[in-house]
**Student:** 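One structure, as structure tokens, below. Some questions next.
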Amino acid sequence: MPGDRVFGNRLAYVLGEPERFDIIIFRYPDDESQLFIKRIIGLPGETVEIRDGHIYINGSDTPLEDVETKEPMEGSFGPYTVPEDCYFVMGDNRNNSRDSRYWEHTFVTEDEILGKAVFRYWPVNKMKFL
């Protein structure tokens, strides 16, 4: 949420690749002067489609077992084919998040990723590991 403060691990992807459901801190693809934080949904080479509020990967008949969100997602989007070295990301407040579904540059490149979000420390009453 706006105003939250988080610790990020800049070394998280030195030895490994980002994984689905990681929360990443990255330079916004449409304006790299801004930093964003979103959850990885689509990995390089995958096709992501959203039908009736459910996420499907690579044409699967079974929706993705997604993380728990504030409210059920609405709408249909895609399909989006994620280029190599790129990621499709979405905010956890799916119905009010301006994310990969809406950007001009739809994907986050590996070079734009600054780190993995680890811990929210502000506001104090909402401290938690991510």
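The chain is numbered in sequence order, starting from 1.
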**Student:** Among V89, V82, D85, T81, find the one that has a side-chain contact (heavy atoms from CB on, under 4.5 Å) with F107.
**Tutor:**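 Only match with F107 under side-chain contact (heavy atoms from CB on, under 4.5 Å): V82.
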**Student:** Are the side chains of P29 and T109 in touch, meaning some heavy atoms are under 4.5 Å apart?
**Tutor:**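 Not in contact.
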**Student:** Are more than 12 heavy atoms from other residues, nucleotides or ligands located less than 6.0 Å from atom CZ of R51?
**Tutor:**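 Result for CZ/R51: enclosed.
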**Student:** Is it the case that the side chains of S100 and T106 hold a donor-acceptor pair, with the cut-off being a distance below 3.5 Å and no angle test?
**Tutor:**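 Looking only at side-chain atoms, S100 and T106 do not form any donor-acceptor pair under 3.5 Å.
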**Student:** Write down the atom of C86, the atom of P44, and the distance for their closest heavy-atom approach.
**Tutor:**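 Distance-wise, the nearest heavy atoms are O-CG, 3.2 Å.
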**Student:** With rounding to the nearest 0.5 Å, note down the distance linking CD in E74 to CG in N95.
**Tutor:**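 The CD atom of E74 sits 4.5 Å away from the CG atom of N95.
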**Student:** Can you list, pair by pair, the side-chain donor-acceptor contacts under 3.5 Å of residues 17-25, counting residues two or more places apart and other chains?
**Tutor:**
residue, atom, partner, partner atom, Å
R20, NH1, I41, O, 2.5
R20, NH1, E46, OE1, 2.9
R20, NH2, E46, OE1, 3.4
R20, NH2, E46, OE2, 2.8
D22, OD2, Y13, OH, 2.7
D22, OD2, E19, N, 3.0

**Student:** Please tell me whether V118 and I113 are part of a single hydrophobic cluster in this structure, the criterion being side-chain heavy atoms less than 4.5 Å apart.
**Tutor:**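 As far as the 4.5 Å side-chain criterion goes, I113 and V118 are not connected within one cluster.
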**Student:** Is there a donor-acceptor pair under 3.5 Å between the side chain of D30 and the backbone N or O of E104?
**Tutor:**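 Judged by distance alone, yes, a pair lies under 3.5 Å.
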**Student:** Using 30° and 60° as the class limits, which term best fits the ring planes of Y80 and F88: parallel, tilted or perpendicular?
**Tutor:**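 Plane angle between 30° and 60°, so tilted.
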**Student:** Give every residue pair that meets the side chain to side chain donor-acceptor pair (under 3.5 Å) criterion with at least one member in residues 52-68, sequence neighbours excluded.
**Tutor:**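 Residue pairs with at least one partner in residues 52-68: D66-R94.
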**Student:** Taking all atoms of both residues into account, what is the closest heavy-atom pair of G45 and E84, and its distance?
**Tutor:**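 Result for this residue pair: CA-OE2, 3.7 Å.
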**Student:** My understanding is that a hydrophobic cluster links ILVMFWY residues whose side chain heavy atoms are under 4.5 Å apart, including indirect links. Using that, what else belongs to the cluster containing L15?
**Tutor:**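 Result for L15 is L11, V14.
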**Student:** Using 30° and 60° as the class boundaries, would you call the ring planes of F36 and Y28 parallel, tilted or perpendicular?
**Tutor:**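 If you compare the ring of F36 with that of Y28, the planes turn out parallel.
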**Student:** Just by distance, no angles: are the side chains of S33 and D31 close enough, under 3.5 Å, to form a donor-acceptor pair?
**Tutor:**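 Note: S33 and D31 side chains meet the donor-acceptor criterion.
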**Student:** List the steps and the verdict of side chain to side chain contact (heavy atoms under 4.5 Å, CB included) for E112 and E32.
**Tutor:** CA-CA 8 Å; E112 292 166 328; E32 291 194 4; 2.8 Å; yes
**Student:** Do T47 and P79 have side chains that get closer than 4.5 Å, going by heavy atoms?
**Tutor:**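 SC-SC contact between T47 and P79 confirmed.
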**Student:** For residues Y102 and I55: do they belong to one hydrophobic cluster (side chain heavy atoms under 4.5 Å, members Ile, Leu, Val, Met, Phe, Trp, Tyr)?
**Tutor:**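 Hydrophobic grouping puts Y102 with I55.
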**Student:** Does some side-chain heavy atom of W103 sit less than 4.5 Å from a side-chain heavy atom of V108?
**Tutor:**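 Counting from C-beta outward, V108 and W103 do come under 4.5 Å.
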**Student:** Assess whether side chain to side chain contact (heavy atoms under 4.5 Å, CB included) is satisfied between M73 and M90, documenting all intermediate values.
**Tutor:** CA-CA 11 Å; M73 182 172 48; M90 296 174 72; 3.4 Å; yes
**Student:** Taking the side chain as every heavy atom from C-beta outward, state whether E71 and N96 have any pair of such atoms under 4.5 Å apart.
**Tutor:**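 The answer is yes, as the side chains (C-beta and beyond) meet within the 4.5 Å cut-off.
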**Student:** Please confirm whether Y87 and F26 have ring centers closer than 6.0 angstrom.
**Tutor:**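 Not under 6.0 Å, so no.
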**Student:** Just how far is it from atom CZ of R39 to atom OG1 of T69, taken to the nearest 0.5 Å?
**Tutor:**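 Answer for the CZ-OG1 pair, R39 versus T69, is 9.5 Å.
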